[in-house]
Amino acid sequence: MDKKKVLVADDDPSILEAIQLMLEDAGYDVVTTVNGETVYQMEKEYPDLLLLDIWMSGQNGSDICKFLKSRESTKNIPIIIISANKDTQEIAKEAGADDFIAKPFEMNKLLAKVNEHIGKND
Amino acid sequence: MRIKKAEKYVGKEAKWPQSEEHFRTLLLNAPVGIFETDKDGNCVFVNNRWCELAGMTSKKAQGQGWVKALHPEDKERVFNEWYDAARKKKEFLSEYRFKTSKGKITWLHGSAVSLLDNDGKNVGYLGTVVDITEKKRLEEQTQETFNLLKTILDTAPIGFCLFDKNLRFQIINQVLADINGISPENHIGKTIQEIIPSLNDAATRELKTVLKTGKPIIGLELTGETKSEPGKIKYWREDYFPIHSINGEIVGIGALVIDVTERKQQERQKDEFLGIASHELKTPVTSLKAFGQVIQSRLAKEGNEKAVILLGKMDAQINKLTTLIQDLLDISKIEGGRLQFHNDFFAFDELVNEVIEEIQRTTVKHKLQIKGKTGKTIHGDRERIGQVITNFLTNAIKYSPHDENIIIHTSVTKLNIKLCVEDFGVGIPQDSIPHLFERYYRVKGKAHDTVPGMGIGLYISSEIISRQGGRIWAESEKGKGSTFCFTLPLKGTKKIQQKNTLVTEEMKHG
């Protein structure tokens, strides 16, 4: 069975590495990027879930989310927004995100959310 | 005034003067200056008081001598007014000064009437002069006070204006006129609406409230654009206060206005900084925690129990660090009035159990027990209320280094749900209890000095509970333990914090 693919976008390389370890240990394939542009430009090889930081050094995560959700080819990709600010939860909802998790997070909570949403729109 | 026949004088005690001598005495000694001139203005008679005021003898006053009594600066005016009155066949009334040869100046109210013969021809003038020094002094004082007030109004670095009962500008100082970008004169008689349309009816509504209630409104924040800088959004802090007349009715409303646009900008900068600081601080903490948990999970799979436990302790410390960072940010938000709540309906018991479970994992020594339940769904900020429960539990653990039991009581009353956390630890001295929820307050005393804490957890908790519409309090006995409680309303009656506050009787009398 093919492993599900998760794309993680965050501007901090350490966090990316830690999340990658978590998800790979849990059996997922992981692609990481610090660059919001990469997420905008993804084509063909779409992930089964996107973990997206709300604030990525100049890129506005909620804009990326809105964009993806408005595009026919990407609107079914579940998006979980990560943010250091709990107040962002509402912004995440408005941007069309499927879920939200605050930093710093519990590993089991992150895994539970990924598990819940991944590939749900297949 | 025609010289009439003496009329009968009716009175109990006074006797109408019987002789010319008596008449003369009266005139001479009257408590006002009296004078008579012929039709050419030559003095015929002056009485004693006149002489006193003029500083000359009656002999010196004869003919044109009396003119020397007039203050040189007033002489021309007096004559002009006299001729004018004579021409118009009216009584001469004027205020002018005498100046004696010694230089003494006295302000007088002078009046004179024409004396006419039976054919109506003018034969002379009869007049009085009354000393009005006191009146003039009061007038001057009033003018001085008025000028002083006006200077204060114009130079005080605050916008001020007075609205009449119809909410139209009656008085306005330069500062406020400049704020509005319209000259002071062009404000008079207009309404706020006409001067600053961008306010819509925000200000007018509040002014009407002051008119109606007779109570001031302090600290109103308004925003809009003015003609002084069109296109730029400004912020003002305004205070409106009623002006009462002596009999208690409101005759106008005074307003103080300060431009706080720059302050707002600074606040926004501070907010931005805090947002960035929050992100920056939480970033390394996030990966610390994440790596720790990855290692913990891998070592757990390998069966390394000891390492797993140690990593668990590390994780607990990281959580404490996170809480401290969050507390600092929350304090700053509270101070700036920027603490926001995200309210929703949630099951209270579920939250309580969740928090207890989480905190229990951080301590092996203590046993957290829940007693009672509410079975209720309440409306509020689940995260923040959880924060308060966490704060109570971590305090209970912190202050019970020797006793292991901590009991969480939950209950319902008709209007509220109640939660209490009871510990059997070191307790709190009585005189500290009223200060527990104050910012930065830390209990003094041996047992407490060794316990870490910034003293802001309870302050934040009390802020959260009170803004969610509940009550928070503590009971304790030193050496025996403490109980911390809060209540929350059942029907989601969250108090709405208004930026402007109506000054109420309670507030006035503290």
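We name chains A, B, ... by the order of the sequence lines, and we start the count at 1 in each one.
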> Of all of B:Leu281, B:Thr283, B:Val285, which one pairs up most often with chain A through heavy atoms under 4.5 Å apart?
Replying inline: B:Thr283
>> Using every non-hydrogen atom in the two residues, find where B:Gln293 and A:Phe105 come nearest and quote the distance to one decimal.
In response: OE1-O, 4.0 Å
>> Can a side-chain donor-acceptor contact be found between A:Glu90 and B:His342 if the only test is distance below 3.5 angstrom?
In response: yes
> By a 4.5 Å heavy-atom criterion (distance strictly below it), what part of A:Asp10 contacts chain B: side chain, backbone, both, or neither?
Replying inline: neither
> Got a sec, which residues hit side chain to side chain contact (heavy atoms under 4.5 Å, CB included) with A:Asp63, two or more places apart in sequence or on another chain?
Replying inline: A:Tyr40, A:Asn60, A:Lys66
> Given a strict heavy-atom distance threshold of 4.5 Å, which part of B:Gln326 is in contact with chain A: side chain, backbone, both, or neither?
Replying inline: side chain
> Side chain, backbone, both or neither: which part of B:Thr322 has a heavy atom under 4.5 Å from chain A?
Replying inline: side chain
> What distance separates A:Met107 CE from B:Lys289 NZ, expressed to the nearest 0.5 Å?
Replying inline: 10.5 Å
>> For residues 15-32 of chain A, give me every residue with a non-hydrogen atom less than 4.5 Å from any non-hydrogen atom of chain B.
In response: A:Ile15, A:Glu17, A:Ala18, A:Leu21, A:Met22, A:Asp25
> Under 3.5 Å, is there a donor-acceptor pair between the side chain of B:Lys282 and the main chain of A:Ala84?
Replying inline: yes
